[in-house]
Number of protein chains: 2
Amino acid sequence: MNINKLLTHFSNYIPLNDEEITELSNRVIERNVKRKEFILQKNDICNNYTFIVSGLFKMYTVDKNGAEHILHFASENDWICDINSFHNKKQSLLYIDAIEPSTIIQIDNSNLMYLFTHYQKFDRTFRVLIENKFMELENRILQNISSKAEERYQFFLEQYPNICNRIPNVLIASYLGITPEFLSKIRNAISKK
Amino acid sequence: MNINKLLTHFSNYIPLNDEEITELSNRVIERNVKRKEFILQKNDICNNYTFIVSGLFKMYTVDKNGAEHILHFASENDWICDINSFHNKKQSLLYIDAIEPSTIIQIDNSNLMYLFTHYQKFDRTFRVLIENKFMELENRILQNISSKAEERYQFFLEQYPNICNRIPNVLIASYLGITPEFLSKIRNAISKK
DNA sequence: ATTTTTTCTTAATATAGTTTAAGATTTATT
DNA sequence: AATAAATCTTAAACTATATTAAGAAAAAAT
């Protein structure tokens with residue numbers, strides 16, 4: 001069962017005891033998701049924290065011209081959630097769909113709140129989880145305000161070696177905030193060095 | 001005493017009981033900080049979470065050309081900390097200094113860890129705090145990858161009406177990731193509309 | 001296996017943003 | 001009050017990136 005992958009993930013933060021493992025296991029559901037299938041769409045309320053057992057997702061907005069802007073990629077052993085919609089029960093502005101066929105484990109809002117309330121460890125673990133994600137975003141912001149597109153691309157390749165060759169360049173461009181044509185130019189310039 | 005401002009701040013998340021108030025009060029220190037005084041410098045380890053009672057700070061890197069890139073502004077009733085340095089006890093890449101004469105309340109690493117370990121509420125409150133900051137950064141990233149500088153400037157003015165007129169434009173430009181000359185051009189274009 | 005769809009590239013032209021330099025204005029310091 | 005320092009603006013020339021369009025290559029669907 002894939003729950004083991006989630007338990008191993010937790011144990012990298014704080015190992016769970018038997019009671020916590022049982023409680024957690026009873027409160028999550030496992031799902032398979034096809035390529036291009038949505039697990040969140042705009043105007044829906046994001047009711048789940050999603051742990052990715054295998055596969056790859058993108059979270060993004062679509063602007064008035066129909067262009068996608070990718071806020072996050074997330075692959076195996078990572079979480080994906082619109083926490084604004086999740087915690088405030090507000091309609092989401094974001095889409096999340098699968099770039100690859102994927103297997104996920106989801107915990108919904110009420111079950112996660114139950115764990116937060118009854119077991120201190122979950123508050124702690126999710127605090128540390130979100131702190132780590134916050135640091136990643138800080139680095140990304142710094143890149144965005146201080147570096148040219150070529151440096152940001154090189155940094156992306158270094159930072160995400162496991163996913164960068166599973167993602168079409170058109171999506172990497174959208175993540176970096178540039179056009180695919182310009183990314184192509186950058187790649188050409190790099191290859192000539 | 002200014003500790004009341006901190007207690008009020010906590011009570012916006014989860015009110016503290018008497019014991020928690022006593023514990024917290026005994027574990028923080030209050031300081032006054034002059035304009036341009038550093039509370040964190042590059043290569044130091046950030047050993048404090050800093051709550052701002054009054055005043056205004058900037059957190060930034062300095063690149064190889066000596067240019068500042070501002071990651072965060074923080075004013076009264078807000079927190080500022082390099083959480084990467086703080087939690088991992090790593091040398092910071094960042095500076096934090098006061099834009100205005102300020103009063104702050106600081107809690108150091110060991111005291112905060114004590115509170116986390118002994119009182120669940122602090123884990124919870126700091127989880128929610130960092131979740132809110134994470135959402136703010138998500139919005140900023142989306143702006144950076146999808147909007148032109150003029151829109152980002154207008155959004156900044158709307159989102160931070162209380163601080164935007166206390167910050168010189170040269171620093172706003174650095175926060176937005178543009179040159180002060182170009183911000184001046186944008187302001188001129190806006191004023192002609 | 002063939003067709004359709006998606007992805008990647010190239011190039012010309014256009015726009016957004018930077019650089020350099022200089023002067024004017026405002027704010028801080030003596 | 002005078003001087004020094006920081007801030008804001010303008011403009012010309014330059015560079016980074018976007019747009020448009022078109023064709024080639026690769027991947028997905030039938």
Side-chain angles (χ1 to χ4, degrees), chain A residues 33-37 55-56 58 60 62-70 73 97-102 143-157 163-193, chain B residues 34-37 55-56 58 60 62-70 73 97-101 143-157 163-193:
Chain A
V33 183
K34 288 184 222 156
R35 188 168 169 274
K36 295 194 178 182
E37 185 178 339
L56 180 57
K58 63 185 203 283
Y60 57 99
V62 176
D63 70 20
K64 54 187 183 301
N65 306 316
E68 289 185 10
H69 302 283
I70 297 182
F73 293 116
D97 64 22
I99 296 176
E100 298 173 356
S102 303
Q143 287 268 323
N144 274 291
I145 66 178
S146 66
S147 301
K148 297 276 149 79
E150 181 171 335
E151 290 176 75
R152 275 153 39 213
Y153 176 59
Q154 297 265 27
F155 184 78
F156 178 81
L157 296 182
I163 61 171
C164 67
N165 40 19
R166 293 154 64 184
I167 301 173
N169 287 328
V170 69
L171 298 185
I172 295 177
S174 163
Y175 177 91
L176 295 174
I178 60 177
T179 59
E181 292 84 356
F182 188 54
L183 179 55
S184 198
K185 212 168 176 175
I186 288 170
R187 287 160 52 80
N188 185 277
I190 290 171
S191 73
K192 282 182 179 153
K193 279 180 182 168
Chain B
K34 287 184 226 155
R35 187 168 170 271
K36 296 196 179 177
E37 186 179 338
L56 180 57
K58 63 185 202 285
Y60 57 99
V62 176
D63 69 22
K64 53 188 183 301
N65 305 315
E68 289 185 9
H69 302 283
I70 297 182
F73 293 116
D97 64 22
I99 297 175
E100 298 173 356
Q143 286 269 323
N144 273 292
I145 65 176
S146 66
S147 299
K148 297 275 151 78
E150 180 170 336
E151 289 176 77
R152 276 156 32 216
Y153 176 59
Q154 297 265 26
F155 184 76
F156 177 81
L157 297 181
I163 62 169
C164 66
N165 40 17
R166 294 153 64 184
I167 301 173
N169 287 328
V170 69
L171 299 184
I172 295 177
S174 164
Y175 178 90
L176 294 174
I178 59 177
T179 59
E181 293 84 356
F182 188 54
L183 178 55
S184 199
K185 212 168 176 175
I186 287 169
R187 287 162 51 81
N188 184 277
I190 291 170
S191 74
K192 283 183 177 151
K193 276 179 185 167

Which atoms of nucleotides 17-20 of chain D (N or O only) lie under 3.5 Å from a protein N or O atom, and what are those distances?
{"unit_1": "D:dT17", "atom_1": "OP1", "unit_2": "A:Ala149", "atom_2": "N", "d": "3.2"}
{"unit_1": "D:dA18", "atom_1": "OP2", "unit_2": "A:Thr179", "atom_2": "N", "d": "3.1"}
{"unit_1": "D:dA18", "atom_1": "OP2", "unit_2": "A:Thr179", "atom_2": "OG1", "d": "3.3"}

Nucleotide N/O of nucleotides 3-8 of chain C paired with protein N/O under 3.5 Å:
{"unit_1": "C:dC8", "atom_1": "OP1", "unit_2": "A:Asn169", "atom_2": "N", "d": "3.3"}
{"unit_1": "C:dC8", "atom_1": "OP2", "unit_2": "A:Asn169", "atom_2": "N", "d": "2.7"}
{"unit_1": "C:dC8", "atom_1": "OP2", "unit_2": "A:Val170", "atom_2": "N", "d": "3.1"}

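When rounded to the nearest whole Å, the span between CG of A:Leu176 and P of D:dA16 equals 17 Å. Per the geometry, CD belonging to A:Glu100 stands 14 Å off C1' belonging to D:dA27, to the nearest Å. In this structure, CG of B:Asn144 is placed 17 Å from P of C:dA16, rounded to the nearest angstrom. Taking atom CG on A:Leu183 and atom P on C:dT10, their separation rounds to 12 Å, with Å as the unit.
Taken from CG in A:Asn65 to OG in B:Ser146, the straight-line distance is 11.0 Å, to the nearest 0.5 Å.
The backbone N or O of B:Gly66 sits less than 3.5 Å from a side-chain atom of B:Asp63, completing a donor-acceptor pair. Panel note: side chain B:Ser174, backbone B:Glu68; a donor-acceptor pair is recorded below 3.5 Å. A donor-acceptor contact shorter than 3.5 Å links the side chain of A:Ser191 to the backbone of A:Asn188.
Using a 4.0 Å cut-off between charged nitrogen and carboxylate oxygen, B:Arg35 and B:Glu100 do not count as a salt-bridge pair.
Using a 4.5 Å cut-off on side-chain heavy atoms (C-beta onward), B:Glu150 and B:Ile190 make contact. A:Ile99 has its side chain within reach of A:Lys58: a pair of non-hydrogen atoms, C-beta onward, lies under 4.5 Å apart.
Classified by interplanar angle (parallel below 30°, tilted 30° to 60°, perpendicular above 60°), the ring pair A:Tyr175/A:Phe73 is parallel.
Between D:dT9 and B:Asn188, no contact under 4.0 Å exists linking OP1 or OP2 to a side-chain N or O.
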